Each structure stands twice: as structure tokens, then as C-alpha cells.
Amino acid sequence: MKYRAIKGVRDLLPPEVNLWQEVESLTRRFFASYGYREMRPPVMEFTEVFSRSIGETTDIVEKEMYTFHDRAGRSITLRPEGTAPVVRAYIQNHLYTLPSPQKYYYIGPMFRYERPQKGRLRQFHQIGVEAFGEKDPRMDAEMLDMLRGFLERAGIEGLTFEVNSIGCEVCRPAYREALLGFLGEELGSLCPDCLRRYRVNPLRVLDCKAEGCRSLRERAPRIGEYLCTGCAGHFEALRGHLDALRIPFRVNQAMVRGLDYYRRTIFEVTSEALGSQDAVAAGGRYDRLVEEFGGPPTPALGFAIGMERLVMLIMERRGVKEPVPEVYFVTIGKEAEALSFRLASEMRGRGVWVELDYSGASLRSQLRKADRHGARYAFIIGEEEISAGVVRYKRLSDGEQGEVRIEGIYRFLGVE
RNA sequence: GUGGGCGUAGCUCAAUGGUUAGAGCACUGGACUGUGGCUCCAGGGGUUGGGGGUUCGAGUCCCCUCGCUCACCCCA
């Protein structure tokens, strides 16, 4: 084989692609009732759009971005996530002049240079939503409600909803200091990975799977105790609203986000059926990002759903059904071939899926092909049928056959 | 970036260091001249991922390399 696809990307083929189409159409229908409209930002941006928002020291920016220089020497990056481009577009197109809140969704590919594994690709796809201009915690709850409803409608079960508040620029530094102080006394019992986390992103130590670090977590200071009154009140209200909407959730004080722009609410939806990369969807608030991008102060929040992971879960639950042709023409003789050629064109024009056989092979061979294609009906035409002005139909599921006049084909098929 | 597992026909897999690398499924045709599925028969299809080495002899053993996959890391 001369060429292969690049590592970590894949071809999306039928019948799986049918499932993707279903998911996309559910997205459009379902999100619309929450007032979300589609936005289609480009798949590439100036590199700073990502490095300034996601955080210079995050893994994504440090080692996972597809970055290159265009012919004018500018640094361009294939989007590793969707929020930053949408925020950029929100500001550039003055969408903040429209009545708040402004709610948008997008569907499309993201790119991260990582080692592929189950549920993790270098080109993957997200359904993302962003809502701008509303700080009320009911907006957070509304968004989780939409996410919950969407996943339910997609037919997925056994999901865990976790929420947390990581505070704001006022209270988070205080917690960070407290945690650093605590961990500084315990460096001896940290695993090698956590020694690195201690320097880079200490909050992540709480998330460690190693035995020693886990027991440390019990005694570590908790973010909940360090939230300022604003953040604490916001979080408490959110929990109340989630209860009111009967959204089952768990508070996970160890939950951390990998992107720097998050403030206050963060959340994650996971499934045990996914393997090690178990997050189906995740998101949170980013109340300062619009301002940092040069827009007016605008509270905002959003989430993204991993489409590959979502489709994996749906496939596991109900598989994929392959659509089949309605009619497969089987002909004997030139005259019959010509007739079926014309008929097929007309039928297709009326929306019937018709397949033709150009092989000129034996009747049995043509019928076998009709069967292999999974067609519902074989339409058989030979000299007898032509002189009688009929087609002979054979229902492939049970072999029942008979004749139908050519004018009566559509009624026979239940078309119109 | 690190570690484990696996690379033989389109797919799933056999083959103790020893003939010309096989089977099932799939594909094409026939048995069955205008009736599919079931059965039987036949046919096409291979650089055993690639390179080097050991050996009288390598799909099999050794080294390198590439790919896939799972996990770590990180995340959707």
C-alpha cells in the first residue's frame, strides 16, 4: 500500500456515518429549543488565540498544537478546542451588541498532537456550545439541563455528572497558596508525576490515581472552604437549581480543568463504558475571557461533547442499522434493460432508492446481487412482462412475488 | 514523550526451525438456460509490515525499523 492516513486520524465510513448524521440532526433540533444557533468558525486561527486563552503552560499549548507558519510568516494553529475561536468571533463580529444572552453551538473537527488511544484521536470532533452575557447560576443549570436532555435523547445511560467550583481570580490564588503550603510539607509522599504537577499545576495532584497521593487528598485543604462569598453563593445557588431540575449530580472537589480560562463552575460527564478516556462532555464558566480578548466584560460559559466518544456509546447500546435499496432491477434482454433504465431514473426522481444491474449476467446472478445488496424488492422485467405492460416483483425477505402494472408502481411501493 | 500487546489473503485466524504458507468468511462463476438466501464444486487473491543477521534451511530465533492497539501522561 502506497499511502496511509496520518496517525491518529481516521476515515469515517458508512454505516457509522449514518449515526453521525443522526447525532448532528438531533443536535440542531434539540439545541434550538434552548435558543442556540449555529456558528461555524474557521478550523485555524492565529496561534495567540489559543496560547493566550488556554494557558501558555498547559499541555495543549506546550506540546499538543498543530502550529505552522503560513507563507507570510505568521504563526497559525489548527484549533485544539472550540471556545477560543467562538469568543474571538463573538468580539470580532460585535455580537455583544445583540440582546443577551447570545447562545451558539458548533460542530466540527479539533486537532491535538497526542498519542492516540481508545477515545483519543489527533483529529477528533466536538459539539460545543457557548452562552454569552449571563452570570446568573440558573444559566449554568440551564446548560447542564440541556446537556442532560441531549444525552438522554441520544439514548445513552449510565452517565455520571460531576460539578465543582474552582473559584475566581480572587479566591483561587488563596486556595492555591494553601494547597502549595500543604503539599510542600508532603513532597516525600508524592509520586514522581505529582512532583511535576506540584510545580506546574498543583490542583491536579488531587486528581492523581497513585495510592499515596490519594490518601494525601483526604487531609488536603478543600477548594470549597476557600471560595469567596460571591463564588460560594454562585455554587450554592447552582446546586439548588440542579436539584430543582432533578439533575442528578455529584460535587467533586478534586475535579480540575486543563484550560486556564475557567472560573467558578466546571463540570464533567463521564461514562464507565468508555475506557480510560472516560469524559463524554465537559465545560464550565469563563467569565473573564471575553474581556481578556479585548471585548466588553461579559460573563460566559460553555461545554463540548466528544463526538467519537458519544457515537461509541450509542453504537454499544443499539448498533447501527444499514439503509437498503427499495428496488433492484433484474432484466432479461435489451428491451428490458432500456425500460428499467428509464423507469429507474423516474423513480429516483421521486425519491425511491433504486439500483440497476448493468452486468447483463444471468437472472440468478442478478437476483443474487439484489439479495447481497439487501434490496427490499427485486423488480424483474423480461419479454413476458414487457408485452403485458407489467413488472414482476419479488419481495426478497420472504420470496413472495406477483405482477404490478407499470402505472401502479408508486402505489405498490407506497409512494405518495 | 514513556511502557505493554499485536503485525500471515479483503476480514477473522492456523502453520514443532524442515516440501510449493493453509482454513473459514467474503468475492467471481458453475451445478440450477426466467428466480436470490441453503448445499456442493471450481476459481481469483500473499513481498508472512520493511530491512539486516543466525542457520544447510526462517512466517517461526536475534537486532533495527515502521505500523496498529491499549495504558501512562493529558483530555472531548
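Bear in mind that the values here come from a model prediction, so they are computed numbers and not experimental data. Labels below follow one simple rule: chain letters A, B, ... track the order of the sequence lines, proteins then strands, and each chain is numbered from 1.
- To the nearest angstrom, C1' of B/C68 lies 16 Å from CD1 of A/I6.
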Under 3.5 Å between N/O atoms: give me all the protein pairs with nucleotides 32-34 of chain B, atom names plus distance.
{"unit_1": "B/C32", "atom_1": "O2", "unit_2": "A/R364", "atom_2": "NH1", "d": "2.6"}
{"unit_1": "B/C32", "atom_1": "O2", "unit_2": "A/R364", "atom_2": "NH2", "d": "2.7"}
{"unit_1": "B/G34", "atom_1": "O6", "unit_2": "A/E383", "atom_2": "N", "d": "3.3"}
{"unit_1": "B/G34", "atom_1": "O6", "unit_2": "A/E384", "atom_2": "N", "d": "3.1"}
{"unit_1": "B/G34", "atom_1": "N1", "unit_2": "A/E385", "atom_2": "OE1", "d": "2.9"}
{"unit_1": "B/G34", "atom_1": "N1", "unit_2": "A/E385", "atom_2": "OE2", "d": "3.2"}
{"unit_1": "B/G34", "atom_1": "N2", "unit_2": "A/E385", "atom_2": "OE2", "d": "2.6"}

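- For A/F46 and A/F50, the ring centers are positioned 6.0 Å apart or more.
- When the C1' atom is compared between B/G7 and B/U12, the two are found 14 Å apart, to the nearest whole Å.
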Check residues 330-343 of chain A and write down every donor-acceptor pair under 3.5 Å in which the side-chain atom is one partner and the other belongs to a residue at least two apart or another chain.
{"unit_1": "A/S340", "atom_1": "OG", "unit_2": "A/A336", "atom_2": "O", "d": "3.3"}
{"unit_1": "A/S340", "atom_1": "OG", "unit_2": "A/E337", "atom_2": "O", "d": "2.9"}

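- Legend: salt bridge (charged side-chain N to carboxylate O under 4.0 Å, His left out) pairs involving residues 77-88 of chain A, not counting sequence neighbours, sorted by first then second residue: A/E45-A/R88.
- Here, B/U19 and B/C13 have their C1' atoms 23 Å apart, quoted to the whole Å.
- Nucleotides B/A21 and B/A26 place their P atoms 26 Å apart, quoted to the nearest Å.
- By the side-chain hydrogen bond (donor to acceptor under 3.5 Å, both in side chains) test, A/E24 pairs with no residue at all, sequence neighbours left out.
- Rounded to an integer number of Å, the gap from NZ of A/K7 to C1' of B/C66 is 9 Å.
- For A/Q366 and B/U35, a side-chain-to-base donor-acceptor distance below 3.5 Å is absent, hydrogens and geometry of angles not being considered.
- Comparing B/A58 with B/U2, their C1' atoms sit 32 Å apart, to the nearest whole Å.
- Computed from coordinates, the A/R368 CZ to B/C38 C1' distance equals 12 Å when rounded to whole Å.
- The separation of B/U28 from B/G36, taken at their P atoms, amounts to 15 Å, rounded to a whole angstrom.
- Residues passing the side-chain hydrogen bond (donor to acceptor under 3.5 Å, both in side chains) test with A/E292: none are found, sequence neighbours excluded.
- Applying the side-chain hydrogen bond (donor to acceptor under 3.5 Å, both in side chains) criterion to A/R368, with sequence neighbours excluded, gives no partner residue.
- Between the CG atom of A/D357 and the P atom of B/G36 there is a distance of 15 Å, given to the nearest Å.
- Rounded to a whole angstrom, the distance from the C1' atom of B/A23 to that of B/G52 is 32 Å.
- Considering only residues two or more places apart in sequence or on other chains, A/E62 meets the side-chain contact (heavy atoms from CB on, under 4.5 Å) condition with A/T57.
- Ring pair A/Y113/A/Y66: centre-to-centre distance below 6.0 Å.
- Distance A/R372 CZ to B/U35 P: 17 Å, rounded to the nearest Å.
- Here the separation of B/A14 from B/G67, taken at their P atoms, is 25 Å to the nearest Å.
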- Could you run through nucleotides 70-76 of chain B and give me one letter per nucleotide, 5' to 3': B if any protein heavy atom sits under 4.0 Å from the base, S if only the sugar-phosphate is that close, - if neither? SBBBBBB
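- B/G45 and B/C63 are spaced 36 Å apart, taking the P atom of each and rounding to whole Å.
- Contact annotation for A/S397: base contact, defined as any heavy-atom pair under 4.0 Å involving a base atom.
- Taking A/T47 as the reference, A/S75, A/T77 meet the side-chain hydrogen bond (donor to acceptor under 3.5 Å, both in side chains) condition, with sequence neighbours excluded.
- Judged as a salt bridge (charged side-chain N to carboxylate O under 4.0 Å, His left out), the pairs with a partner in residues 104-119 of chain A (not counting sequence neighbours) are, in order, A/E114-A/R120.
- Counting only residues at least two apart or in different chains, salt bridge (charged side-chain N to carboxylate O under 4.0 Å, His left out) contacts with residues 175-191 of chain A comprise A/E186-A/R219.
- A/F161 and A/F249 have their aromatic ring centers separated by at least 6.0 angstrom.
- Between the side chain of A/K369 and the base of B/G36, no donor-acceptor pair of N or O atoms lies under 3.5 Å.
- When rounded to the nearest whole Å, the span between NE2 of A/H373 and P of B/C27 equals 11 Å.
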- Can you run through RNA chain B from 5' to 3' and write each base as (, ), [, ], | or . depending on how it pairs? Watson-Crick or G-U wobble, both distances under 3.5 Å. (((((((..((((....[...)))).(((((.......))))).....(((((..]....))))))))))))....
